[in-house]
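Accompanying notes for the structure given below.
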Number of protein chains: 2
Amino acid sequence: MHSEVVASRSADQRDSSRESRNGGSPQLDAVSLAIIQQLQEDGRRPYAAIGKAVGLSEAAVRQRVQKLLDQGVMQIVAVTDPLTVGFRRQAMVGINVEGDVESIADALTDMSEVEYVVMTAGSFDILAEIVCEDDDHLLDVINKRIRALPGVRSTESFVYLKLKKQTYMWGTR
Amino acid sequence: MHSEVVASRSADQRDSSRESRNGGSPQLDAVSLAIIQQLQEDGRRPYAAIGKAVGLSEAAVRQRVQKLLDQGVMQIVAVTDPLTVGFRRQAMVGINVEGDVESIADALTDMSEVEYVVMTAGSFDILAEIVCEDDDHLLDVINKRIRALPGVRSTESFVYLKLKKQTYMWGTR
DNA sequence: ACCGGACCTTGCGGATTTCGCAGATGTGGT
DNA sequence: ACCACATCTGCGAAATCCGCAAGGTCCGGT
């Protein structure tokens with residue numbers, strides 16, 4: 001039979017009851033974690049190779065991956081460096097709102113230039129990341145479109161000077 | 001022969017000289033953009049299917065994708081929802097620095113809990129996103145590790161209440 | 001006008017991967 | 001004990017990947 005992790009597999013599986021002690025919706029066991037880890041290194045890695053690495057058959061890996069995708073636990077996608085794709089201006093915008101915060105957040109979500117929207121506790125109600133082609137574009141989005149939303153009390157912008165880190169390695173620790 | 005886009009293909013390719021008017025380092029033409037778009041929808045989509053969609057042969061798509069990966073223009077990876085993977089506390093931290101900003105940014109980059117680091121213009125010198133398992137963990141990272149860095153003058157935290165949008169759709173517009 | 005380079009196409013096998021299904025195996029509920 | 005359910009394994013069959021070779025076209029340089 002194949003390799004390293006195999007011996008302890010059946011035990012590991014039973015562990016899934018324990019792992020499910022995370023509060024997340026569809027509980028993840030150690031094996032699924034390992035699979036995700038593999039796919040975080042290379043989203044196109046073949047199922048057989050993953051199976052060998054985590055101690056599962058090719059078919060089993062396939063089923064797990066499919067379920068993880070169906071459940072929305074993960075997705076396999078191409079991610080790009082905004083700079084090389086022609087977006088030269090980015091900014092984080094802190095927003096303060098009067099009235100319904102969530103409806104403002106929804107409005108931001110509908111803007112294609114807005115890459116990231118999160119409601120927060122602290123001196124901002126919402127943080128939104130904006131990706132634009134140039135300064136004009138950025139100015140337009142912030143001043144004409146965001147500030148124009150009814151209920152937006154104030155905004156503060158943090159223009160990106162240099163992106164130092166950007167990982168997609170959740171669950172890898 | 002195959003299908004829709006074929007007729008206008010040779011013309012499209014010649015357009016690539018125009019598209020290269022973006023300032024990005026390794027200029028991207030419209031076809032590569034379209035390929036990226038396909039892989040943003042499904043990172044495992046077969047080359048033949050992509051070729052049909054963008055009007056290229058399977059072999060050509062294969063070569064392009066390989067080059068895009070080699071050049072670091074894009075990567076194909078699994079991305080997960082932090083919540084379901086067991087990280088229940090996230091925050092954005094604004095940091096003010098005295099002295100060398102970049103060395104502080106580098107120090108943050110080395111922390112595994114720090115998912116995102118960017119140097120900014122505005123009332124913060126650095127923004128860092130932190131992903132933690134629970135409140136204790138978050139508190140530890142912010143108070144014990146970040147504030148402990150020599151040169152960090154002050155920090156302000158924005159704990160995430162609700163993530164509303166998170167896309168990886170750059171270049172898709 | 002000519003050549004070289006970059007890129008695409010078509011075509012082709014062979015190795016690899018994907019995919020569906022049937023047959024274990026283990027677990028929990030009644 | 002027995003059944004329902006979930007999961008894993010083990011296959012072939014089909015599809016995909018991958019390298020390679022032989023052109024073709026367009027462009028820029030000399």
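First the proteins, then the strands, lettered A, B, ... as listed; each starts at 1.
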R145(B)/E113(B) salt bridge by N-O under 4.0 Å criterion: yes
Polar contact flag, side-chain donor to acceptor under 3.5 angstrom, Q66(B)-D70(B): yes
Salt bridge present between D135(A) and R89(A) (N-O < 4.0 angstrom): yes
Below 3.5 Å between N/O atoms, which protein atoms pair up with nucleotides 15-19 of chain D? Just atom names and distances, please.
from	atom 1	to	atom 2	distance (Å)
dC17(D)	OP2	Y47(B)	N	3.1
dG19(D)	N7	R62(B)	NH1	2.9

Nucleotide dT10(C), atom C1' - distance to CD of Q63(B) in whole Å: 12 Å
NZ or CZ of R44(B) within 45° of Y47(A) ring axis and under 6.0 Å: yes
For residues 103-111 of chain B, run the donor-acceptor check on the side chains, cut-off 3.5 Å, and write out each pair with its distance to 0.1 Å, sequence neighbours left out.
from	atom 1	to	atom 2	distance (Å)
S103(B)	OG	D100(B)	O	3.1
S103(B)	OG	D100(B)	OD2	3.4
D106(B)	OD1	K164(A)	NZ	2.9
T109(B)	OG1	A105(B)	O	2.9

Touch class at under 4.0 angstrom, heavy-atom based, for A60(A) against every strand present: base
Rounded distance in Å - CZ (R64(B)) to C1' (dA6(C)): 11 Å
Parallel, tilted or perpendicular: rings of F158(A) and F124(A) (30°, 60°): perpendicular
Whole-Å gap separating P (dT7(D)) and CG (L56(A)): 12 Å
Spacing of D42(A) atom CG relative to dT16(C) atom P, expressed in whole Å: 17 Å
Short side-chain N/O contact to dT7(D) OP1/OP2 from K67(A), under 4.0 Å: yes
